[in-house]
Amino acid sequence: MENADVARQLGEMADILELTGGNPFKVRAYRAAAQVIDTLPEPVEEVWRRGALTDLPSIGTGIAEEIGELLATGHSPRHDELARQVPLGVLELLRLEGVGPRTVEAMWKQLGVTDLDSLEAAIADGSLARLPRMGPVRIRSIREALERYRGRGSRLPIHRALFYAEGMLGRLRKARGVIRAEAAGSLRRRMETVGDIDLLVCSEEPEAVRRAFVALPGVAKVLATGETKSSVRLEAGVQVDLRVVPPESWGAALHYFTGSKRHNVSIRTRAVRRGLKINEYGIFDRHDRRIGGEREEEIFEAVGLPWIPPELREANGEIEAAEAGRLPVLVEEADVLGDLHVHSRASTDARATIEKLALEARRLGRSYLAITDHSRSRPLGLDEEGVLRVAAEARRIERRLGGSPRLLTGVEVDILPDGSLDLPLELLAGLDWVVASIHSRFHEPAEETTARLIRAIRSGVVDLIGHPTGRQIGKRDPYPFDLGAVLEAAAACGVAMEVNAMPDRLDLNDKACRLAREAGVQVVIDSDAHNESHLANLRYGVWVARRGWLEAKDVRNTRPPGELRRRGRRTYDAAEAAR
DNA sequence: GCCGTTTTCGGCCCGACTGTTTTCAGTCG
């Protein structure tokens, strides 16, 4: 049972308790536990095996027992008992925007609405209007929420969210009365996908800002608009929330709206213990006198902590690390010197010439580039001769450009189903840089894929495992395999793991980065560029690495070209070569 | 149900906005 399954069951228990009028603090406890499990950077099963569940925040003896039952037997009696009290479809009604537990409870108990279909019927036949406080505006908004839910796409990938956010911020910064404007929320924490976009504006003229905001191009509908808070939906379907605060509250508001919720609760609880109150308007002493809040740093200072980078604010140990003076110095884009996974038009799915790629890399300030086209098992991929031809061309272009950037010869070689590589080891051993990736047979049993990856790692000619989990966000789940075992092999062989910065891959993800670091495995943040514009995507990979607590020393391509290789220099397993 | 430098009981973050009300419940973040 995966972390996500355990988290979902705990979340369902919270929903059911809430619908049946359970203790609201108990509801919150289950919800907090679900969140902890969902964002846990290792399999919950491992924590359970070593008997450490109650060491996790928000997991006490009761919920630890639930989780134990779930992992041991696949279901928990407590969950099943709760589930009998509420029809399954009722829980789904809670997913509708603007529909909460009290509304669902009333629809269910008073009207017999048990799922999306019967809600639709209750709207159509007018019976929904019989509920208290249910006027025509609410009914319309519920109907629209229902339609959106049915036709909804997944969460917005970060690069698209950023595109909208930067466009709006650019205009807001020029609007009357705007002193500062920044993105907050999950976007500022650089999550891989965001549910909505949170913008924060500093101004003494909230009314002018509000008017500018709702008039921004692309706004399809104004959902709410008040003195300090407004929400709109863009034509693209994404919701954007705006908060306007005065300068003296800027730092407090930026912290508050950056979240995460659990991080904020921890900070506030620390503040309460010190006799302080922290809200989005500032820091207040026990006489309600403002003692700070203009700068975000003051929030942390008030609770005795150094400033914590937004990417770490997930209540996953950052507060404890800050307290102990052990916050990581997170890797930055400027630390990354080169890109080690790039395709030229020698790959059938890529377009750019090596020269174009090199010039763009130089413009972006990269000092080296590995040309790693696909090998022969991909359609029209390179055979031995092709690899050598591309390598020779790379050397020629490097000379023509005066050695800036350095061009490393390489290949992205396929890991075949049995774990062997689809080019001769002698050839691979002679290249500057070898990426090995799985591009086929994603549905093998976990043991086989694990063995497949480990055999490639042990080949002695591989520098980097490309997109190690194979997932594509919103499209393809990771193939099943034992990441821990693969990391262990990679650590032993000095092979790096990729953080593929393609925004639909981001593979490894943040949690896996943290595991890699703990396993002593370096990552390489690279673009997997298929045209020159992709080279700029590196920043998305850097954000993933930062969310995974990685420092520059954990990222191999923060090193100059001469220090990239860790595998035995030009050595490889002779037995493998003979196969 | 969780948690603890006000601890094993008694708290648990809290303010903004909307729609439906004529004072506020519900939802959201």
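Below, chains carry the letters A, B, ... as their sequence lines are ordered, and counting in each starts from 1.
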- Where the side chain of A:D196 is concerned, which of B:dT20, B:dG29, B:dC2 is the nearest nucleotide? B:dG29
- Message: Checking A:H263 now: which residues fulfil ring-ring contact (aromatic ring centres under 6.0 Å, His included) with it, not counting sequence neighbours?
- Response: A:H255
- Query: Which pairs, with at least one residue in residues 299-312 of chain A and sequence neighbours excluded, count as a salt bridge (charged side-chain N to carboxylate O under 4.0 Å, His left out)?
  - Reply: A:R295-A:E301, A:E311-A:R546
- Syn or anti for B:dT5, with syn set at within 90° of 0? anti
- Under a 4.0 Å heavy-atom cut-off, which of residues 70-97 of chain A touch DNA chain B? A:L96, A:E97
- Query: Reckon A:T103 touches a base, only the sugar-phosphate, or nothing at all at heavy-atom distances under 4.0 Å?
  - Reply: sugar-phosphate
- Query: How is A:V99 classified with respect to the nucleic acid when contacts are heavy atoms under 4.0 Å: base, sugar-phosphate, or nothing?
  - Reply: sugar-phosphate
- Query: Which residue pairs pass the ring-ring contact (aromatic ring centres under 6.0 Å, His included) test when at least one of the two sits in residues 75-127 of chain A, sequence neighbours left out?
  - Reply: none
Nucleotide N/O of nucleotides 21-25 of chain B paired with protein N/O under 3.5 Å:
from: B:dC24; atom 1: O2; to: A:R133; atom 2: NH2; distance (Å): 2.9

- For nucleotides B:dA25 and B:dT20, find the distance between their P atoms and express it as a whole number of Å. 16 Å
- Task: In whole angstrom, give the distance that lies between atom CD of A:Q239 and atom P of B:dT27.
- Result: 16 Å
- Answer yes when A:R189 and A:E314 have at least one side-chain N-carboxylate O distance shorter than 4.0 Å, and no when they do not. yes
- So with a 6.0 Å cut-off around CD of A:E320, is the heavy-atom count from everything else above 12? yes
Donor-acceptor pairs under 3.5 angstrom involving side-chain atoms of residues 27-34 of chain A: please list them, not counting sequence neighbours.
from: A:R31; atom 1: NH1; to: A:E18; atom 2: OE1; distance (Å): 3.2
from: A:R31; atom 1: NH2; to: A:D15; atom 2: OD1; distance (Å): 2.6
from: A:R31; atom 1: NH2; to: A:E18; atom 2: OE1; distance (Å): 3.1

- Query: Expressed as a whole number of Å, how far does the P atom of B:dG11 sit from that of B:dA16?
  - Reply: 25 Å
- Taking atom P in both B:dC13 and B:dC3, what distance in whole Å separates the two? 13 Å
- Query: Going by number, which of residues 57-66 of chain A have a non-hydrogen atom under 4.0 Å from DNA chain B?
  - Reply: A:P57, A:S58, A:I59, A:G60, A:T61, A:G62, A:I63
- Residue pairs meeting salt bridge (charged side-chain N to carboxylate O under 4.0 Å, His left out), one or both in residues 238-255 of chain A, sequence neighbours left out, come to A:R243-A:E280
- Item | Integer-rounded Å distance: B:dG1 C1' and A:E18 CD | 14 Å
- For A:E144, which residues count as a side chain to side chain donor-acceptor pair (under 3.5 Å) partner, sequence neighbours excluded? A:K221
- Task: Look at all strands and tell whether A:P101 reaches a base, only sugar-phosphate, or nothing, counting heavy atoms closer than 4.0 Å.
- Result: sugar-phosphate
- Of all pairs that satisfy salt bridge (charged side-chain N to carboxylate O under 4.0 Å, His left out), the ones with a partner from residues 44-61 of chain A, not counting sequence neighbours: A:E42-A:R50, A:E45-A:R49
Give every donor-acceptor pair under 3.5 Å between a side-chain atom in residues 177-184 of chain A and any protein atom, sequence neighbours left out.
none

- Item | Salt bridge present between A:E147 and A:R150 (N-O < 4.0 angstrom) | no
- Query: How does each nucleotide of nucleotides 12-18 of chain B score, in 5' to 3' order, for protein heavy atoms under 4.0 Å: base (B), sugar-phosphate only (S), or none (-)?
  - Reply: BBSSSSS
